[in-house]
Amino acid sequence: MPELPEVETVCRGLATVLEDRVLQRLDLRRKDLRFPFPIGLAALVEGRRITSVRRRAKYILIHLDDGGVLIGHLGMSGRMLIGPAEGMVLETHDHVVFHTDHGMAVRFNDARRFGFLDYARAEDLQRHKLLAELGPEPLGNAFSGPVLAEKLAGKLSPIKAALLDQKIVAGLGNIYVSEALFFARLLPTRLAGTLSGAQAEKLVTAIKDVLTRAIAAGGSSLRDYVQTSGELGYFQHQWAVYGKEGEPCPGCTCKTGIQRIVQSNRSTFFCAKRQR
DNA sequence: CGGCAAACCTGCGAGC
DNA sequence: TGCTCGCAGGTTTGCC
């Protein structure tokens, strides 16, 4: 999926067409994605004005003027595509279409259907099952070295797995965890509870830095991901280690170069010399 | 409770 | 050309 930088990019794109517009029609072209759509969802939101589009972790929050909130998630392969409703051509896997009162349409396309669309009342959002347990936003002030160190204390899982745990920090995914660990010079296999305070501090800095740079680049475009505009993000050209098995390490002159291992069934990329 | 594999679903590239 | 296999950005579930 789209990890935090990609979702942030999508939210910014959605905000430009949806904010302050009336959601005239919500076209649900099937009954479910990962989960069934809430019963009567379209009738619940049609005619409401959209007040804001926000991101929390990898969730898209579309706030309505009656206190309702549409909660979207892109899963692994979800995309939001914006264009004029007139002459719009629906493509395979366009499962939901948002129509605004100024003739624009947003197509929620998701080949693998790991994404979803849910609904909550704004006052219940913090208690929503999907949002209640989330850890701090990595780019927020609440995410610091001491905070991360405290969350990792005593953990016996590899730091790679801990950073993918959205309860520890919210929004990192498989790509940016490999990248952040490389810049923090920490082996992905290091047990989370063994980091020193200084290492936790350095890791927080690396996480904030890589996410900030990725957002500035409009995210990373892989096969399934494009910005709402249909343009490609270009951060994938700035990856240091992700997807670079066998290539030279960008940080040292070791012979081995970048290695790939599998942790929790997912690929991890790192340099065994530079990361300890 | 903690940690890990498997499951959800489709598409694509590599290799034969 | 066409098949099979492995792999893909996430998250939940269930097993040990």
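Because the structure is a prediction, the values reported are computed rather than measured. All values below come from the heavy atoms of this structure, side chains included, with hydrogens, waters and symmetry mates left out. Reminder, nothing fancy here: chain letters follow the sequence lines and each chain counts from 1.
- One finds a side-chain N or O of A:Ser267 lying less than 4.0 angstrom from the OP1 or OP2 phosphate oxygen of C:dA8.
- Partners of A:Arg113 by side-chain hydrogen bond (donor to acceptor under 3.5 Å, both in side chains), not counting sequence neighbours: none found.
- For the P atom pair drawn from C:dC3 and B:dC9, the interatomic distance equals 23 Å after rounding to whole Å.
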Discussion item. In dot-bracket form, 5' to 3', how is DNA chain C paired? Count Watson-Crick and G-U wobble pairs only if both distances fall under 3.5 Å, and write | where the partner sits on another strand.
Written reply: .|||||||.|||||||
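- A donor and an acceptor atom sit less than 3.5 Å apart, one in the side chain of A:Arg112 and one in the base of C:dA8.
- Clustering of Ile, Leu, Val, Met, Phe, Trp and Tyr by side-chain heavy atoms under 4.5 Å joins A:Leu90 with A:Met88, A:Val97.
- Across all strands shown, A:Gln166 has heavy atoms under 4.0 Å from sugar-phosphate atoms exclusively, and none from any base.
- In this structure, A:Tyr234 places its OH atom where only 12 or fewer heavy-atom neighbours from other residues, nucleotides or ligands lie under 6.0 Å away.
- In terms of the side-chain hydrogen bond (donor to acceptor under 3.5 Å, both in side chains) criterion, A:Arg276 has no residue partners (sequence neighbours excluded).
- By the 4.5 Å side-chain criterion applied to Ile, Leu, Val, Met, Phe, Trp and Tyr, A:Ile39 is assigned to no cluster and stands alone.
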Practice prompt. Let me see the working for A:His95 and A:Phe108 under ring-ring contact (aromatic ring centres under 6.0 Å, His included), right down to the final yes or no.
Written response: CA-CA 6 Å; A:His95 303 307; A:Phe108 183 176; 7.6 Å; no
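- Closest contact between the side chain of A:Arg260 and the listed nucleotides C:dA8, B:dG3, C:dT11 involves C:dA8.
- In this structure, CD of A:Glu91 is placed 15 Å from C1' of B:dG11, rounded to the nearest angstrom.
- Dashed line: the shortest gap from a side-chain N or O of A:His73 to OP1 or OP2 of C:dT11 is under 4.0 Å.
- Taking 4.0 Å as the cut-off between side-chain N and carboxylate O, A:Glu3 and A:Lys58 do not count as a salt-bridged pair.
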Any protein N or O atoms within reach of nucleotides 12-16 of chain C? Criterion: under 3.5 Å, listing atom names and distances.
residue, atom, partner, partner atom, Å
C:dT12, O4', A:Arg34, NH2, 3.1

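- A stacking contact links A:Phe114 to B:dC8: the aromatic ring centre lies within less than 5.5 Å of the base's six-membered ring centre, and the planes differ by less than 30°.
- Comparing C:dT11, B:dC4, B:dG3 by their closest approach to the side chain of A:Arg266 singles out C:dT11.
- Looking at heavy-atom distances under 4.0 Å, A:Asn174 makes contact with sugar-phosphate atoms alone, never a base.
- When rounded to the nearest whole Å, the span between CG of A:Leu163 and P of C:dT11 equals 14 Å.
- Under the salt bridge (charged side-chain N to carboxylate O under 4.0 Å, His left out) criterion, the residue pairs touching residues 148-166 of chain A are A:Asp165-A:Lys167, with sequence neighbours excluded.
- Annotation: C:dG10 and B:dG13 have their C1' atoms spaced 22 Å apart (nearest Å).
- We find that CG of A:Asn265 is positioned 13 Å from P of C:dG6, with the value rounded to whole Å.
- Residue A:His93 places no side-chain N or O under 4.0 Å from the OP1 or OP2 atom of B:dC9.
- The side chain of A:Arg113 places an N or O atom within less than 4.0 Å of a non-bridging phosphate oxygen (OP1 or OP2) of B:dT10.
- A:Pro248 pairs by the side-chain contact (heavy atoms from CB on, under 4.5 Å) definition with nothing, not counting sequence neighbours.
- Under the 4.5 angstrom side-chain criterion for Ile, Leu, Val, Met, Phe, Trp and Tyr, the cluster partners of A:Phe270 are A:Leu187, A:Ile261.
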